[in-house]
Protein chains: 2
Amino acid sequence: MSTLNDGKKKVTIYSVAHEAGVSLATVSRVINDSSLVKEETRKRVEEAIVKLGYRPNAIAQGLALKKTTTIALVIPDSSFLYMGKIINGLLDVAKIYKYNIALHTTSSSINEMSEIIDNIVKSRADGVIVYNDCLTEQEVAVLNSFSTPMVYIGHKIKADEACNVFVDYKKALYELTDKYIQEGYKDIVLIEDKKNPMMMDELLQGIKKGFKKHNKEFAGLIEIPDNYHNSYDYLNEYFKDNKHQLVITVRDSQAMAVLNACTENGISIPEETDLVCVMDSRYTDMVRPRISSFFIPSYDLGALAMRVMTKMLNDDEVKEKEYQLSYIYKNKASTKV
Amino acid sequence: MSTLNDGKKKVTIYSVAHEAGVSLATVSRVINDSSLVKEETRKRVEEAIVKLGYRPNAIAQGLALKKTTTIALVIPDSSFLYMGKIINGLLDVAKIYKYNIALHTTSSSINEMSEIIDNIVKSRADGVIVYNDCLTEQEVAVLNSFSTPMVYIGHKIKADEACNVFVDYKKALYELTDKYIQEGYKDIVLIEDKKNPMMMDELLQGIKKGFKKHNKEFAGLIEIPDNYHNSYDYLNEYFKDNKHQLVITVRDSQAMAVLNACTENGISIPEETDLVCVMDSRYTDMVRPRISSFFIPSYDLGALAMRVMTKMLNDDEVKEKEYQLSYIYKNKASTKV
DNA sequence: ACTTACTTTGAAAACTTTTTCAATTAATTA
DNA sequence: TAATTAATTGAAAAAGTTTTCAAAGTAAGT
């Protein structure tokens with residue numbers, strides 16, 4: 001473990017230059033691996049650096065270079081479980097390319113986004129990665145209007161120039177619906193998820209398309225309260241009088257609420273009702289019966305987003321703007337089909 | 001939504017000064033709400049600011065002020081679920097005090113911590129908050145040796161001067177063990193969690209203390225593989241030949257692995273075996289039977305850590321170094337006692 | 001009208017780097 | 001040996017703020 005500057009005396013590039021008997025310019029060159037410094041001098045400077053425990057001041061570098069090697073990550077403050085894997089992907093790639101991550105979270109409050117943008121602009125992040133499920137079109141427009149490189153994770157963005165990394169949920173639900181209708185299922189419902197409005201929209205489109213293909217109309221959207229406990233209570237009442245052939249939920253907690261509510265009302269899954277959770281999580285495999293779900297490559301979403309960002313920052317002309325990752329449907333014990 | 005500098009022309013404090021017909025000093029004073037600027041001048045400057053869409057450059061400010069209003073957060077890269085709530089607490093408080101958060105994650109690889117420290121020193125974070133379950137004593141020593149304010153979350157730190165916010169897991173497990181032994185339980189086991197070595201240590205101490213009180217020796221530590229699937233497979237074999245009166249696990253996934261393995265081997269919970277998960281999560285309530293657990297105030301751990309940090313940064317002499325938060329035992333359906 | 005005190009402003013230094021450009025030294029060639 | 005070229009180095013400017021100190025302006029008191 002190397003010597004640390006413990007604050008007793010600030011050590012700057014000047015101190016190092018003085019210690020090594022060279023000018024700042026030379027020290028700077030050594031720090032930045034410039035080839036044009038004599039081997040012997042380099043050695044002297046490097047010795048001075050370790051002797052003094054010098055660490056370049058990234059802030060001063062940022063000022064001089066007009067870049068911060070920091071990228072801002074904007075995510076909804078809820079649900080770190082799903083986000084967690086995305087963040088892990090992001091961070092692993094960021095580490096490779098030596099970028100720092102500044103974390104910004106949005107709650108649903110209206111004016112917050114503009115505050116966050118303000119903050120990001122002030123802090124001069126080199127780029128911004130946004131998980132965009134909760135952004136209004138207006139907010140996306142604002143974000144796009146400013147010149148910092150930007151990558152959106154999660155959903156296809158309408159704006160043409162926007163760069164985004166996403167999964168085609170519409171297609172996923174279309175395929176699922178199609179399959180089930182072909183199997184003769186008629187009574188298919190989708191549980192609404194208010195936390196993910198944009199994804200919800202895509203899912204709905206997919207289902208509707210599936211129904212349309214078979215000349216049917218989808219009318220099975222079920223609105224339920226927001227959090228697990230309320231939704232569980234609600235569903236517990238609901239399944240006293242209702243029963244469906246296939247129930248689709250977005251998040252694992254909703255699927256578990258359905259599972260519990262059904263079971264406790266004597267509706268057995270999968271015998272009487274098939275249950276599919278769109279977004280996979282480790283917990284869909286831990287519960288019994290295991291819940292059929294789509295594997296969403298969250299880690300890859302994060303990693304790719306960051307990779308694309310690094311390309312943008314290196315002016316490696318980013319040809320593609322849209323990176324679509326594929327899901328995998330995992331048929332487990334909560335479905336018969 | 002305010003005007004944004006869209007990068008066509010950089011607008012600095014100079015531009016504003018020029019536009020308003022004053023000197024930089026005056027603009028700076030306006031930005032920083034200094035009282036010594038005439039009302040009329042202030043108005044002129046403010047108009048210039050919105051006209052040009054000026055945003056102070058936080059990097060330049062950082063250099064001039066020798067502070068960054070950024071605090072570094074160091075957490076293990078695994079398990080954002082538990083961390084998520086801590087981070088939410090942190091971020092909410094950080095937002096109030098206008099601090100930015102730089103996210104650093106540690107994987108278990110050996111040399112990484114020193115790299116991260118390097119990085120934090122370079123980036124001149126005003127303070128560091130560390131979730132310290134995976135740090136070696138050596139690493140803690142290194143961290144303490146440097147002068148940046150530091151707050152540890154999670155566990156009591158040996159070093160005296162260290163500031164930490166934690167939950168007394170030892171006491172929690174002592175109480176639990178004591179209660180169960182009083183109820184006549186003899187065969188108590190603890191499932192090891194390699195991901196949280198320090199917590200593990202505390203838990204063990206607590207259990208041992210409980211056994212000691214009753215003049216018994218604890219010898220029920222069960223080592224299992226690391227991730228859910230492996231540990232589930234392992235336990236599935238294990239519970240073919242073994243059965244215990246009380247099984248204690250650290251994380252929800254382990255509890256679920258035990259629950260599933262037991263159930264599938266015909267051991268019913270709680271009738272034959274009591275199951276307790278130390279760290280509560282929403283999922284312990286979603287599974288059936290609901291798993292008894294300790295409610296850990298994760299959000300508060302994060303929020304308090306950040307609050308303490310802001311105090312340290314304001315030189316409000318922080319009297320207390322140790323902030324102990326209390327857990328709540330939640331008796332649910334996986335236990336008879 | 002003339003100090004005295006207070007309010008408001010600006011010039012310039014400081015914060016720590018990178019980088020350009022010119023200068024110096026060393027090496028090569030005629 | 002002188003002239004040319006190449007390799008190293010350093011001085012100084014630039015990045016965009018804050019802040020100190022002095023100056024200028026204004027009001028008040030004698």
Side-chain angles (χ1 to χ4, degrees), chain A residues 5 7 9-46 48-49 52-70 98 100 119 121-126, chain B residues 5 7 9-46 48-49 52-70 98 100 119 121-126:
Chain A
N5 165 26
K9 205 175 193 178
K10 92 194 140 180
V11 22
T12 71
I13 198 168
Y14 291 99
S15 341
V16 177
H18 183 256
E19 175 75 25
V22 296
S23 74
L24 341 176
T26 305
V27 179
S28 176
R29 281 190 271 259
V30 171
I31 294 166
N32 297 296
D33 284 331
S34 164
S35 57
L36 30 71
V37 41
K38 210 204 280 180
E39 199 46 39
E40 183 216 314
T41 323
R42 171 189 305 283
K43 196 145 282 173
R44 224 168 53 238
V45 171
E46 275 165 355
I49 287 176
L52 301 179
Y54 170 70
R55 294 280 193 305
N57 181 331
I59 301 301
Q61 289 180 320
L63 187 58
L65 293 173
K66 294 151 166 271
K67 66 178 184 176
T68 53
T69 51
T70 293
K98 312 255 183 201
N100 292 315
N119 204 342
V121 173
K122 268 199 66 171
S123 64
R124 301 300 197 263
D126 292 341
Chain B
N5 166 26
K9 205 178 194 178
K10 93 194 138 177
V11 21
T12 71
I13 200 169
Y14 291 98
S15 339
V16 177
H18 183 255
E19 175 75 24
V22 297
S23 75
L24 341 176
T26 305
V27 178
S28 175
R29 282 191 268 260
V30 170
I31 294 167
N32 297 298
D33 284 332
S34 163
S35 56
L36 29 74
V37 43
K38 211 204 277 180
E39 197 46 39
E40 184 215 315
T41 323
R42 172 190 304 284
K43 197 145 279 173
R44 226 171 46 241
V45 171
E46 275 165 354
I49 288 175
L52 301 180
Y54 169 70
R55 295 279 192 307
N57 182 332
I59 300 301
Q61 290 179 319
L63 189 58
L65 294 174
K66 296 152 166 269
K67 65 177 186 176
T68 53
T69 52
T70 293
K98 312 256 184 202
N100 291 315
N119 205 342
V121 174
K122 268 198 64 170
S123 64
R124 300 299 197 264
D126 292 341

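Lettering follows sequence order; numbering is per chain, from 1.
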- Query: For A/Thr26 and D/dT8, is the shortest distance between a side-chain N/O and OP1 or OP2 below 4.0 Å?
  - Reply: no
- Message: Rounding to an integer number of Å, can you tell me how far B/Asn57 CG sits from D/dA15 C1'?
- Response: 9 Å
- Message: How long is the straight-line distance from OG1 of A/Thr41 back to CD of A/Glu46, given to the nearest 0.5 Å?
- Response: 10.5 Å
- Find the distance between NZ (A/Lys38) and CZ (A/Arg44) and round it off to the nearest 0.5 Å. 8.5 Å
- Assert: residue with more 5' nearest nucleotide on DNA chain D, out of B/Arg29 and B/Pro56, is B/Pro56
- Task: Just grab all the salt bridge (charged side-chain N to carboxylate O under 4.0 Å, His left out) pairs involving residues 12-27 of chain B, residues at least two apart or on different chains.
- Result: B/Glu19-B/Lys51
- A/Leu24 vs A/Lys38, nearer the 5' end of DNA chain C by closest nucleotide: A/Leu24
- For atom CD of A/Glu40 and atom P of D/dA7, their distance in whole Å: 18 Å
- Query: Going 5' to 3' on DNA chain C, which nucleotide is the first and which the last to come under 4.0 Å of a heavy atom in chain B?
  - Reply: C/dT8 to C/dT16
- Query: Over how many whole Å does the gap from B/Lys67 atom NZ to D/dT18 atom C1' extend?
  - Reply: 11 Å
- Query: Going from NZ on B/Lys122 to CZ on B/Arg124, what distance comes out if it is rounded to the nearest 0.5 angstrom?
  - Reply: 9.0 Å
- Message: If I take atom CD1 in residue A/Ile13 and atom C1' in nucleotide D/dA12, what distance separates them, rounded to the nearest angstrom?
- Response: 14 Å
- Item | Nearest-angstrom distance from the residue atom CD of B/Gln61 to C1' of D/dT18 | 9 Å
Could you tabulate the donor-acceptor pairs under 3.5 Å formed by side-chain atoms of residues 56-67 of chain B, not counting sequence neighbours?
{"unit_1": "B/Asn57", "atom_1": "OD1", "unit_2": "B/Ile59", "atom_2": "N", "d": "2.7"}
{"unit_1": "B/Asn57", "atom_1": "OD1", "unit_2": "B/Ala60", "atom_2": "N", "d": "3.3"}

- In short, A/Leu24 meets A/Ile13 closest at the heavy-atom pair O-CD1, 3.9 Å
- Task: May I ask you to say what A/Ser28 touches in the nucleic acid, namely base, sugar-phosphate or nothing, with a heavy-atom cut-off under 4.0 Å?
- Result: base
- Message: Expressed as a whole number of angstroms, how long is the span from B/Ile31:CD1 to D/dT18:C1'?
- Response: 10 Å
- Between D/dA15, D/dG10, D/dT17, which nucleotide gets closest to the side-chain atoms of A/Lys66? D/dA15
- Item | OP1 or OP2 of D/dG10 under 4.0 Å from side-chain N/O of A/Ser23 | yes
- Does any donor-acceptor pair link the side chain of B/Arg55 with the base of D/dG16 at a separation under 3.5 Å? no
- Send over the distance from A/Lys122 NZ to D/dT17 C1', rounded to a whole Å. 11 Å
- Shortest non-hydrogen contact between B/Leu52 and B/Val11, atoms and distance: O-CG1, 3.7 Å
- B/Leu63 CG to D/dT19 C1': how many Å, rounded? 14 Å
